[in-house]
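Letters A, B, ... are given to chains in the order of the sequence lines, protein chains preceding strands, and every chain is numbered from 1.
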Protein chains: 2
Amino acid sequence: MRIDDESLKGLLRARGLRVTEPRVAVLAYLASTDRHPTAEDVETAINANGQVLSRASVYNVLHSLTRAGLVAGMSVTDGAARYDAHVAPHHHLLCRTCGRVEDVPWQDFGIAERGVLPDGRSVRTLALTLDGVCNACC
Amino acid sequence: MRIDDESLKGLLRARGLRVTEPRVAVLAYLASTDRHPTAEDVETAINANGQVLSRASVYNVLHSLTRAGLVAGMSVTDGAARYDAHVAPHHHLLCRTCGRVEDVPWQDFGIAERGVLPDGRSVRTLALTLDGVCNACC
DNA sequence: CCGCTCGTCTGGAACTATTCTAAATCTCGT
DNA sequence: ACGAGATTTAGAATAGTTCCAGACGAGCGG
Ligand SMILES: [Mn+2]
Ligand SMILES: [Mn+2]
Ligand SMILES: [Zn+2]
Ligand SMILES: [Zn+2]
């Protein structure tokens, strides 16, 4: 999904973040894919466009965007953290064949809504991780 | 829960694993706690008993036990993987206050009823991770 | 438009978690 | 008890991420 840079800059400003080239580039890239890229993927993709973005900056930017709620990070077993500009609640399917991380429609199970487990422990957010096989891998 | 070493050895043999002191020690420790220890926790706990178990062996053993289905590993955001000898399906609550990982009784929620999502993707296992506050933290 | 102030970016070093290596040791079937 | 092959070990190597201190530049007040 191609979003023009002006909208992205508006998003950054709206969250009180300074508008910088690295931030716009990272956010644009993450918004353009549903592949849940790693920090390294982000660095590679952006530097392929002629820019030079240091590894440390990739992490800096990912952290500010995450703190601002524009991006969500997730840790999958073994390996690098992955990032998602799709911040509306949803679950993930980790394909055991190709390693891809795919989206799964949101379901609340009535838990987050109540905010409390039957035994009284309180719940802020929940995430379901499915270990299975994606459509591409049949 | 204290399980005697003979039963543990039986478990190892039943899964076709050779019975070694490190394996028995690691399995006994994991079976005795519900705290979901990290590899480092395991090493520390076992070496406190006078044994000397190398870091590499901790990982070797955790891997064999995991492959054998006697232990389950889980990755929590940021930080070391955690291990659980409680292998029956259940969910986890990650306390945002103290960092503890607590068990939550299993529920299937009717997702992937027959191991298949409504859209056809197949699911092997699923685990719900709740981000909330444990009872100790009120 | 200019200059100042911080927030941000950078390369590289440091750090943490995990894996690899090759040699020593041990388990268990025979 | 023997030997083959699995397991353990210390240490080096790797992967992912964070830290650092200096250079840079976004955006505000003038
Ligand atoms: Mn997603
Ligand atoms: Mn558990
Ligand atoms: Zn796949
Ligand atoms: Zn707690």
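- If you measure from atom CG of L12(A) to atom C1' of dT8(C), you get 13 Å, rounded to the nearest angstrom.
- Here the side chain of R15(B) pairs a donor or acceptor atom with the backbone of A68(B) at under 3.5 angstrom.
- Distances shown here put a side-chain N or O of T20(B) below 4.0 Å from the OP1 or OP2 atom of dT8(D).
- R13(B) places its CZ atom 9 Å from the P atom of dG29(C), with the value rounded to the nearest Å.
- Checked against W106(A) for a ring pair (Phe, Tyr, Trp, His ring centres under 6.0 Å), the options H86(A), H91(A), H90(A) give a single hit: H91(A).
- Here dG27(D) presents its C1' atom at 6 Å from CZ of R18(A), a figure rounded to the nearest Å.
- What separates CG of D41(B) from P of dA17(C) is a distance of 10 Å, to the nearest Å.
- Separating the CG atom of L17(A) from the P atom of dG27(D) is a distance of 10 Å, rounded to the nearest angstrom.
- Less than 4.0 Å separates DNA chain C from no heavy atom of any residue of residues 62-74 of chain A.
- In summary, the side chains of T44(B) and D41(B) do not present any donor paired with an acceptor at a separation below 3.5 Å, with no hydrogens or angles considered.
- No donor-acceptor pair under 3.5 Å is formed between the side chain of D34(A) and the backbone N or O of H36(A).
- Residues from residues 48-61 of chain B with heavy atoms under 4.0 angstrom of DNA chain D, sorted by number: V52(B), L53(B), S54(B), A56(B), S57(B), N60(B), V61(B).
- Residues I111(A) and L117(A) have side chains in contact (heavy-atom distance under 4.5 Å, counting atoms from C-beta outward).
- Hydrophobic cluster membership is shared by L11(A) and I3(A), with clusters built from Ile, Leu, Val, Met, Phe, Trp and Tyr side chains linked at under 4.5 angstrom.
- Minimum interatomic distance between S64(B) and R23(B) (heavy atoms only, all atoms of both residues): OG-NH2, 3.4 Å.
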Using ring pair (Phe, Tyr, Trp, His ring centres under 6.0 Å), reason through H63(A) and Y83(A) one step at a time and then give a plain yes or no. CA-CA 10 Å; H63(A) 289 155; Y83(A) 296 86; 7.5 Å; no
